[in-house]
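Here is how names work: the chains are called A, B, and so on, in the same order as the sequence lines, proteins then strands, and each is numbered from 1.
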There are 2 protein chains.
Amino acid sequence: MASEDQGTDLLWGPRQKPARAPRLALTVDRIAGAAIEVADAEGMASVSMQQVAARLDVTKMALYRHVSSKAELVAVMIESAVGEPPNLRTVPGGWRPRLITWADLMRRTWRRHPWLPAATTGERMTGPREVGWTESAVAALGDTGLDGGERMDAVFLLSGHIRNTESAATAGTQPWTAEKQLRDILRDHRERFPALHEATMSTAGTVRDNGWEFGLNRILDGLEVLIEGRRPERTS
Amino acid sequence: MASEDQGTDLLWGPRQKPARAPRLALTVDRIAGAAIEVADAEGMASVSMQQVAARLDVTKMALYRHVSSKAELVAVMIESAVGEPPNLRTVPGGWRPRLITWADLMRRTWRRHPWLPAATTGERMTGPREVGWTESAVAALGDTGLDGGERMDAVFLLSGHIRNTESAATAGTQPWTAEKQLRDILRDHRERFPALHEATMSTAGTVRDNGWEFGLNRILDGLEVLIEGRRPERTS
DNA sequence: TACACCCAGTGTCCATCGGACACTCAAGTA
DNA sequence: TACTTGAGTGTCCGATGGACACTGGGTGTA
């Protein structure tokens, strides 16, 4: 950029500083941190090797000394962003409050890093912390009488709901979440989509959470029906 | 590519064919069809302007005469792939069988085009057929006593479940769906993830559907709890 | 019949992407 | 002092989406 100016300074000016500031050593953690900053600020689409490298004042190829590919960079970002999985054993009240706590913590994390839904779709590597979050939720269902497959399916269902509501929050994943756009469409075509038109209009002015609370309660109610039905009959 | 050979042929060989086969006129539908073929065969990542153009034996820039951007191409693909929304009014038995039918039809469509989850994430344009599918499901909840917001949230919850199970079917969206990989990890770290290890091992050899049936039944049960509780009390 | 216009399809260019590979150069060791 | 090592660099490549000027054949009008 300013190579000529620098040359002039080097020749004529007072030698004020070492030509290149003594920079911190590059580490995987620093790289992940920079990538997360880019993603938080400008979205996953802006996370490229050159963008991340630029933020560290380094060449993109330097990054490859520490991560073997972009996929690995993303994997490291995710592990760093999700944080340590929670310990739910101290939450009183059985499986339901524990799952609510888990879902709430997870949702908070995902809200802090809105690119997580986009980063965690598709084939990819999985890190220990991510698995730890799953462990945590599966363990919370330990005394419900559900079998192993059911416990895993239940956690998948719940975490999928978080993914859906959060990715819908940042981008219109589903037609009916792009509020404004959909409302305009429906105003122009109300005769074609009467039920949807009526439902949408009745929610005008309402605070929307993309169905987070609604879906959470439906899922937990559905689980409760199964768990209570499974329990050895006592009274009835 | 073979321009010199063609030149030779034109000069010396018998003039066998018009240099370029009389090709079908390019239309948006033909373009969308070709793009869907590419996506079905090689996944969404292989859908590029040049790939689609090549399949039509045409330059990529020719496509821009018919679609204004790649985003528009994708939007057209989606509209074409989802097909006409179903009419559920003939399905007997109330909202539950109707939603099951709807979910089953939608899941079938998404299975036919495994790229649909990937294509319908992120900010994008929405077409009338896609909105039609939503209309169809919202209408099925018309006589449940749910209010407009609840009906939309319910449909979002259900369609989100389809998205999750289907996108997990084609790629390991969640750690616990990449069966083989996860099982290996857990074998090596069973002391770190005991609950998950136990749950996973107990499902060995089981046919997995990514929790489709399980999640569907939980969601419907959860909806039923709400709907029945909302109904004006009769007996009890 | 002649000519001008229109427009679908072409060719070329550009910035950006992930990544391969050979390099420089300073620090540490023999 | 000479050699090795390894972090960071520079350059190249093919593929991506897209801008823009061009061409050539068909059609409507004079």
Are [X] and [Y] close enough for a salt bridge, meaning some N to O gap below 4.0 Å?
| X | Y | result |
| --- | --- | --- |
| A:Arg107 | A:Asp104 | no |
| A:Arg124 | A:Glu130 | yes |
| B:Glu198 | A:Arg151 | yes |

Whole angstroms only, please: what is the [atom1]-[atom2] distance between [X] and [N]?
| X | N | atom1 | atom2 | result |
| --- | --- | --- | --- | --- |
| B:His66 | C:dA8 | NE2 | C1' | 6 Å |
| A:Asp57 | D:dA7 | CG | P | 18 Å |
| A:Met44 | C:dC17 | CE | C1' | 14 Å |

Could you tell me whether a side-chain N or O of [X] sits under 3.5 Å from a main-chain N or O of [Y], the two making a donor and an acceptor?
| X | Y | value |
| --- | --- | --- |
| B:Lys60 | B:Val52 | no |
| A:Thr203 | A:Thr200 | yes |
| B:Asp153 | B:Leu157 | no |

* **Inter-end axis angle, the helix from C:dT1-D:dA30 to C:dA30-D:dT1, with every axis fitted to five base pairs (rounded, 10 degrees)** =>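 Result, rounded to 10 degrees: 20°.
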Each nucleotide N or O in nucleotides 16-18 of chain D that has a protein N or O under 3.5 Å away: list the pair and distance.
residue, atom, partner, partner atom, Å
D:dT16, OP1, B:Ser48, OG, 3.0
D:dT16, OP2, B:Gln50, NE2, 3.2
D:dG17, OP1, B:Lys70, NZ, 2.9
D:dG17, OP2, B:Met49, N, 2.9
D:dG17, OP2, B:Gln50, OE1, 3.3
D:dG17, N7, B:Lys60, NZ, 3.4
D:dG18, OP2, B:Tyr64, OH, 3.1
D:dG18, OP2, B:Lys70, N, 2.8
D:dG18, N7, B:Lys60, NZ, 3.1
D:dG18, O6, B:Lys60, NZ, 2.4

* How do B:Arg65 and A:Thr59 order along DNA chain D: which one's closest nucleotide is nearer the 5' end? ->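 Nearest-nucleotide comparison on DNA chain D picks A:Thr59.
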* **Gap separating the CG atom of B:Leu99 from the OG atom of B:Ser136, nearest 0.5 angstrom** =>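 Between atom CG of B:Leu99 and atom OG of B:Ser136 there are 9.5 Å.
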* **Any side-chain donor near an acceptor of the partner, B:Arg163 and B:Thr120, under 3.5 Å** =>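 B:Arg163 vs B:Thr120: donor-acceptor pair found between side chains.
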